[in-house]
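Note sheet for the following structure.
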Amino acid sequence: MDSKTSLTNEHKAWLARGGPFPDEFDLIRSDQSKIKYEIADLDQNGYISDILSRAGSKGFVLKIKDPTTNAFLAAKFCRDAEYPSLKDVNTEARRANLLQGAGNVFALPRSAGYVDSFEGQPNSDSQWACFISDWIDGETLDSRISKNPESITPHFVIEVGYQLFQAIFYLSAKQLKHDDLHIGNLMLQESDPAIMIGRETSNPIVNLCVIDTGSLKDINQSTSKPFDDWSQAAKVLTKLYNSIYSNRYSAVRHVLFLKKLKALIQDLLETDASRVFPEPKDYFNRLDELKETLHESVSKNQLQFSIFDGLSAENLTDDGLLLDLFTDLPWMNTVSKSNSTLLTGPRGCGKSMLFRALSLRTKLSRKNINISDIENLPFVGIYISCAQDLQGDVLWISRKPEAAQNHAHLIISLFITILTRELFRLIDRLISQSIIRDALELNIDKINQLINLCRDYIPSASPTPCFKYSLSVASDYADELDRVRRTLSRDLVNELSNASKVPESFLRDLAKHFLQFFPGFHGLKICFLLDDYTSFRIPKPVQAVLNSLIFARNDSYFFKVSCEKFGFEASSDTAVRIDPNREFEPIDAGYEVDNTTHAKNKTFLTDLINRRLVAGKWKGTAEQLIGNSKYPQDTDLAIAIRSAGPGKSFFYNGLNTLANTWGGDIATLIHMVRDMFSRADVKPETIARIPDQYQHDAIVAVSRAHVENVQRYEPYGNEMYRILNSFAQLAKDLLATAELNSRDIPQRRYRFEMTLPENTELFDLLSDEQENLTKELLRRAVFVDCGPSRGKERKSSKTVRWELRKSLRPAFGLSLIRESYLDFKEPQQFIDMLVSADSFTQVFISKYKATPTTGDLFDERSKL
């Protein structure tokens, strides 16, 4: 935090004393005029007893009085270093006033300027920047939670959620973000009892008011703060969740409510919101679902699976349920081999689900598990979630990258401790099942030997008291290791150079002894399934420290790693060389799906839906409820779209269409099906086919919502949105108006191909800004990299091949399978697409003799 803009310790001590303050002060405005205000709540000596409760890290608030109107107002004071000139103060005030239409949702400044330092204050050589707004009688949400926790009921949480979400959406609509949306900046204002006269209830209405609008930022402005408005909303709901959960009576009564609230909080933290909230209404739908759990008709034991729960593997805490829902992915066999793998792909494509399913702990949750399931294992899989197990310990290093190199041994010690803890959690699961324990020759003495080996290497926490031959010995030691992990995490944050360290060789010895001690695993290796090892969770400097361990060659363990595209760099802070295709096999899930047959994709999709229907105890099947497509072949679909006359047509329907819409993002498919069910009011007993209109509208709505979400991505949201619209509109123009091909089929050019100069990579031709934008287009899966091919013009050259993401195509009225491509003759055409997308499209409009369509791209008629 910038010391020039934060309150000093002397300021805080002054505020802790309550001042003193004068009776009044002058606000100096930009025209040098002055407005006089009286300071309220002063005692006879000029002190304010509770002023510290209205102070933050950068300023404090006084209750003041306008001597002309006698109205009470709030004056927020900030150090003048925060606002170097009156122009900056006025800019903040004017930006906040963009929110005038929101009524009382925000506390907006009435005036702004500077105030001379108060007599007797510390650092009296500077002024205060001052913002004047209405005084709100009430309390902060922080105060309510700490002082009156009994008032935090499920209904209260839902109402806060509604108003908080509305505030964030209003900010977004005005192209703003609050940037400091914590529970101390949310005021609860109860309505005046007089306003309730004549109403059925005399209970006051609680309104949520967002204060401290001086921290507003343009929505695309980068900041150093790690939390955006939505993740701050998740933190607010977490505080409310904990308040209800800590009340045992309330927690027991509202088990289903808490379960769904926890899932909502986890989804709000999802970096790609379109995975779980494809449309803005979905945020409020989730709150409606919370409200439904409070109805008397909902049984306390109604905790059965809802067919649209668990879009993310992290939300499926029940391993047995995860296996019931798991469908063999078309590219699963490629990843399941016994070798080191780097699996990349868009969020929601099933990477986490697959890694969870490959772990032995998950397999042991089957009710009908037998020894043959263990004997046929390709490896002993141990699942590690970077989001849950490692991110919180190392993410701070992204703000201090040199700390990774300075404390590399401590990072490795922390990582090895986490891996060891998960190994013992697996052992605990194995020995708890007598059939498996006997078949694998698991022996308590050998487990104790393994624990003693670990204690020789890993700094010991206070051992958990237990009996030597207790079956809980592995679980107890796993708990001990977790205490060690917390100690190492604290040592790392404090940057203790003398902290205990675990040698890298220990992991090899641990894996080797485990396999030797338990003959049932003879011939296997341990496979650590490291999920979501992507740079926004595990900073690249930390990856550089861990990579030499992760991709080490040995005969006892190996790693499979999943991450987002461009979320991993094959670098090392040692002399160890890490070469793709040599130390690990790279697998791109998006590319694998694109190269899988339509029949396999349709089989996968049908099984995916049917497993959820069975788990939810619904009567209907995917074949009954969704059925076959009106246009089973994409050529038929393209012809129908091109020849559509006046009136609305319903092109997108059936399992064939859904299979062709799938480009690897499973969550999108489930959203489309959920929207179909909602529009057609499908119930658990329904077996009739959903009408084409509802299927079509659902597919288009979810696709369109994904398109709209692109502009909310950070960074480069607006730029990617512009490129997407221009490229997709060009594809629509070619489909609708360009000359037919030799088989009288409309042109379906949803891909571009570009041959690079010899010995040149694409990024070599781009500026740093263009390179970053290009990576975001692929990372966010606006386009899918179909993999390079040998250059058409020269054998020594390489051709880049990108394709528009399939799930975005219905939003533009396109068919779903590409036939040909746009031929970029020069890399400059690619650069033109990045920087001047509209002019770029005109080149191909002329080349293929297409007529630009008119009207709003998102108008139903222009789209279809």
Side-chain angles (χ1 to χ4, degrees), residues 361 380-384 386 389-390 393-394 404-428 430-431 442-466 468 472-518 521 524-530 538 542 545-559 572-574 576:
R361 271 186 76 190
V380 180
I382 298 178
Y383 178 79
I384 310 291
C386 288
D389 296 323
L390 190 59
D393 297 318
V394 299
Q405 184 63 41
N406 294 341
H407 304 286
H409 289 298
L410 196 48
I411 291 172
I412 289 170
S413 300
L414 174 67
F415 184 58
I416 291 176
T417 301
I418 292 171
L419 301 181
T420 308
R421 181 196 65 191
E422 293 307 305
L423 174 64
F424 277 94
R425 286 178 175 173
L426 170 62
I427 294 173
D428 176 61
L430 287 166
I431 62 178
L442 300 180
N443 182 291
I444 298 294
D445 274 333
K446 291 179 179 177
I447 294 173
N448 278 307
Q449 289 180 48
L450 202 61
I451 291 173
N452 290 333
L453 170 72
C454 294
R455 284 181 172 150
D456 286 341
Y457 285 94
I458 297 179
S460 180
S462 300
T464 303
C466 63
K468 181 179 180 182
S472 68
V473 60
S475 174
D476 293 338
Y477 186 58
D479 291 342
E480 180 181 328
L481 287 170
D482 198 54
R483 289 194 292 272
V484 174
R485 177 198 62 79
R486 292 195 294 271
T487 300
L488 290 171
S489 176
R490 186 171 61 249
D491 291 346
L492 180 59
V493 170
N494 293 328
E495 301 191 67
L496 298 182
S497 57
N498 61 344
S500 301
K501 299 178 181 66
V502 181
E504 294 180 48
S505 60
F506 165 71
L507 189 60
R508 177 198 63 213
D509 295 341
L510 173 67
K512 187 173 295 186
H513 280 81
F514 171 81
L515 298 171
Q516 289 174 351
F517 283 174
F518 308 120
F521 292 120
L524 299 180
K525 287 186 179 183
I526 291 176
C527 175
F528 293 106
L529 299 152
L530 191 59
I538 310 300
V542 177
V545 169
L546 296 177
N547 284 346
S548 57
L549 175 66
I550 290 171
F551 297 107
R553 299 184 190 181
N554 63 80
D555 58 358
S556 55
Y557 75 87
F558 63 96
F559 279 79
S572 170
D573 67 337
T574 66
V576 174

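- At a threshold of 4.5 Å between non-hydrogen side-chain atoms, the residues F528 and L507 count as touching.
- Side-chain contact between Y457 and I416: absent, with no pair of heavy atoms (C-beta onward) separated by less than 4.5 Å.
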Query - Test log, rule side chain to side chain contact (heavy atoms under 4.5 Å, CB included), inputs V380 and L426 - result: CA-CA 10 Å; V380 180; L426 170 62; 3.7 Å; yes
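- One distance of note links OG of S548 with CD1 of I412; it measures 5.5 Å at 0.5 Å rounding.
- Under the side chain to side chain donor-acceptor pair (under 3.5 Å) test applied with E480, the options R421, R485, R455 reduce to a single match, R455.
- With hydrogens and angles disregarded, no donor-acceptor distance shorter than 3.5 Å links the side chain of K501 to the backbone of H409.
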**Report entry** Test side chain to side chain contact (heavy atoms under 4.5 Å, CB included) applied to I444 and I447, step by step
**Finding:** CA-CA 5 Å; I444 298 294; I447 294 173; 4.2 Å; yes
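- To the nearest 0.5 Å, the span separating CG on D509 from CD on Q516 amounts to 9.5 Å.
- Note that the CD1 atom of I427 and the OH atom of Y477 stand 10.5 Å from one another [nearest 0.5 Å].
- Across all their heavy atoms, V502 and S413 have their closest contact at N-OG, 2.6 Å.
- Under the rule for a side-chain hydrogen bond (donor to acceptor under 3.5 Å, both in side chains), Q405 has no partner lying at least two apart in sequence or in another chain.
- The only option from L530, I526, L529 that meets the side-chain contact (heavy atoms from CB on, under 4.5 Å) definition with I382 turns out to be I526.
- Under the side-chain contact (heavy atoms from CB on, under 4.5 Å) test applied with L390, the options I411, L546, V542 reduce to a single match, L546.
- Ring pair F521/F514 is parallel by interplanar angle, where below 30° counts as parallel and above 60° as perpendicular.
- A 4.5 Å side-chain heavy-atom check between S572 and F551 finds every atom pair outside the cut-off.
- Between F415 and F559, the ring-plane angle classifies as parallel under the 30° and 60° cut-offs.
- Atoms CG and CG, from N452 and D456 in turn, are 7.0 Å apart once rounded to the nearest 0.5 Å.
- Heavy-atom minimum distance, I418 versus D389: CD1-O, 3.0 Å.
- With values rounded to the nearest 0.5 angstrom, D393 atom CG is found 5.0 Å from L414 atom CG.
- Taking each heavy atom of D573 and A408 in turn, the nearest pair found is OD2-CB, 3.9 Å.
- The shortest side-chain heavy-atom distance between L510 and L450 falls under the 4.5 Å cut-off.
- Salt-bridge formation is detected for the pair D482/R486: a Lys NZ or Arg NE/NH1/NH2 atom is positioned less than 4.0 Å from an Asp or Glu carboxylate oxygen.
- The shortest distance between side-chain heavy atoms of D555 and K512 falls below 4.5 Å.
- For the pair Y383/R361, no side-chain contact is recorded, criterion being any heavy-atom separation below 4.5 Å from C-beta on.
- A distance of 7.5 Å separates CG in N443 from CZ in F518, rounded to the nearest 0.5 Å.
- In this structure, the side chain of N494 does not engage the main chain of L496 through any donor-acceptor pair within 3.5 Å.
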